[in-house]
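This structure is a prediction, so every number in the text was calculated from the model and none was measured. The figures here come from the full heavy-atom set of this structure, side chains too, leaving out hydrogens, waters and symmetry mates. Counting begins at 1 with the first residue of the sequence.
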Amino acid sequence: MLYSEKVMDHFQNPRNVGKMEDADGIGEVGNAKCGDIMKMYIKVEDGIISDVKFNTFGCGSAIATSSMATEMIKGKSIDEALQLSNKAVVEALDGLPTNKIHCSVLAEEAVKAAVKDYYDKNNIAYDKELFKDDVHNMNEHK
Ligand code: FES
């Protein structure tokens, strides 16, 4: 079996799918190679991510990893969300085939881009180093 049961479950029944009208931060990222795009919306209350939604125009692994990522950051502090690594998402899904790891990177980047957008919109100072790997961030291109 190429995909774990958890991957199949999150692919077939993705959690937190949709758009958020009153989002506090929106992150849009894409992978130039496969052309997949992911959009992540967060609602922040007292430094806690109280709600999160995502949309992805992407492959099954992109759907499964972003679904898992939303579950992992919901109810967590922003700092904890920023620490979410694609590796942790892959582990929570009981693994992904090697050629699908980049899909989980997209999920991590989408979370980071949403937090960055929240910081920018609220004029919150942050360490730019935190986002320096964020090469696929599409927010800047709008
Ligand atoms: Fe590119 Fe999955 S194939 S995100």
### Query
Once you round to the nearest 0.5 Å, how far does NZ of Lys19 lie from CD1 of Ile26?
8.0 Å

### Query
Looking at CG of Leu96 and CE of Met68, how far apart are the two atoms once the value is rounded to the nearest 0.5 Å?
10.5 Å

List, one per line, each side-chain donor-acceptor pair under 3.5 Å for residues 76-83, sequence neighbours excluded.
unit_1, atom_1, unit_2, atom_2, d
Lys76, NZ, Met72, O, 3.1
Ser77, OG, Glu80, N, 3.2
Ser77, OG, Glu80, OE1, 3.2
Glu80, OE1, Ser77, N, 3.1

### Message
Minimum heavy-atom separation for Cys34 and His102, please, with both atom names.
### Response
SG-NE2, 3.5 Å

### Message
According to side chain to side chain contact (heavy atoms under 4.5 Å, CB included), who are the partners of Val52, at least two apart in sequence or on a separate chain?
### Response
Met40, Ile42, Ile49, Thr70, Ile73, Lys74

### Message
Show me the pairs that pass salt bridge (charged side-chain N to carboxylate O under 4.0 Å, His left out) and involve residues 88-98, at least two apart or across chains.
### Response
Lys6-Asp94, Lys87-Glu91

### Task
Decide yes or no for Ser67 and Phe11: does some side-chain heavy atom of the first lie under 4.5 Å from some side-chain heavy atom of the second?
no

### Task
Quick one: list whatever passes side chain to side chain contact (heavy atoms under 4.5 Å, CB included) with Asp24, sequence neighbours left out.
Lys43, Val44, Tyr118

### Query
Which residues pass the ring-ring contact (aromatic ring centres under 6.0 Å, His included) test with Tyr119, sequence neighbours left out?
Tyr126

### Message
List the residues meeting side chain to side chain donor-acceptor pair (under 3.5 Å) with Asn13, not counting sequence neighbours, and say none if there are none.
### Response
Asp9

#### Entry: Results of side chain to side chain contact (heavy atoms under 4.5 Å, CB included) for Glu71 - residues two or more places apart only
His10, Arg15, Asn16

### Task
Please report the shortest heavy-atom distance between Thr56 and Ala62, naming the atom on each side.
OG1-CB, 4.1 Å

### Task
Report yes if the side chains of Glu45 and Ile48 come closer than 4.5 Å at any heavy-atom pair, otherwise no.
no

### Query
For the residue pair Leu84 and Ala69, what are the closest heavy atoms and their distance?
CD2-CB, 3.9 Å

### Query
Is Asn55 close to Met38 at the side-chain level, that is, under 4.5 Å between some pair of heavy atoms?
no

### Task
Go through the structure and list residues passing salt bridge (charged side-chain N to carboxylate O under 4.0 Å, His left out) with Lys100, not counting sequence neighbours.
none

### Query
Do the non-hydrogen side-chain atoms of Leu106 and Cys103 ever get within less than 4.5 Å of each other?
no

### Task
Name all residues meeting the side chain to side chain donor-acceptor pair (under 3.5 Å) criterion together with Glu21; count only those two or more places apart in sequence or in a different chain, and write none if there are none.
none

### Message
Restricting to side chain to side chain donor-acceptor pair (under 3.5 Å), what partner residues turn up for Ser85, sequence neighbours left out?
### Response
none

### Message
The test is side chain to side chain contact (heavy atoms under 4.5 Å, CB included); show your working for Ile37 and Glu28 and say whether it passes.
### Response
CA-CA 7 Å; Ile37 295 170; Glu28 188 170 4; 3.7 Å; yes

### Message
My understanding is that only residues two or more places apart in sequence, or in another chain, count here; which of them pass side chain to side chain contact (heavy atoms under 4.5 Å, CB included) with Asp127?
### Response
Glu129, Leu130

#### Entry: Student check: side-chain heavy atoms of Thr65 and Asn86 closer than 4.5 Å
no

#### Entry: Lys53 NZ to Asp51 CG distance, which is reported to the nearest 0.5 Å
4.5 Å

### Message
Strictly by ring pair (Phe, Tyr, Trp, His ring centres under 6.0 Å), give each pair with a member in residues 24-67 just once, sequence neighbours left out.
### Response
none

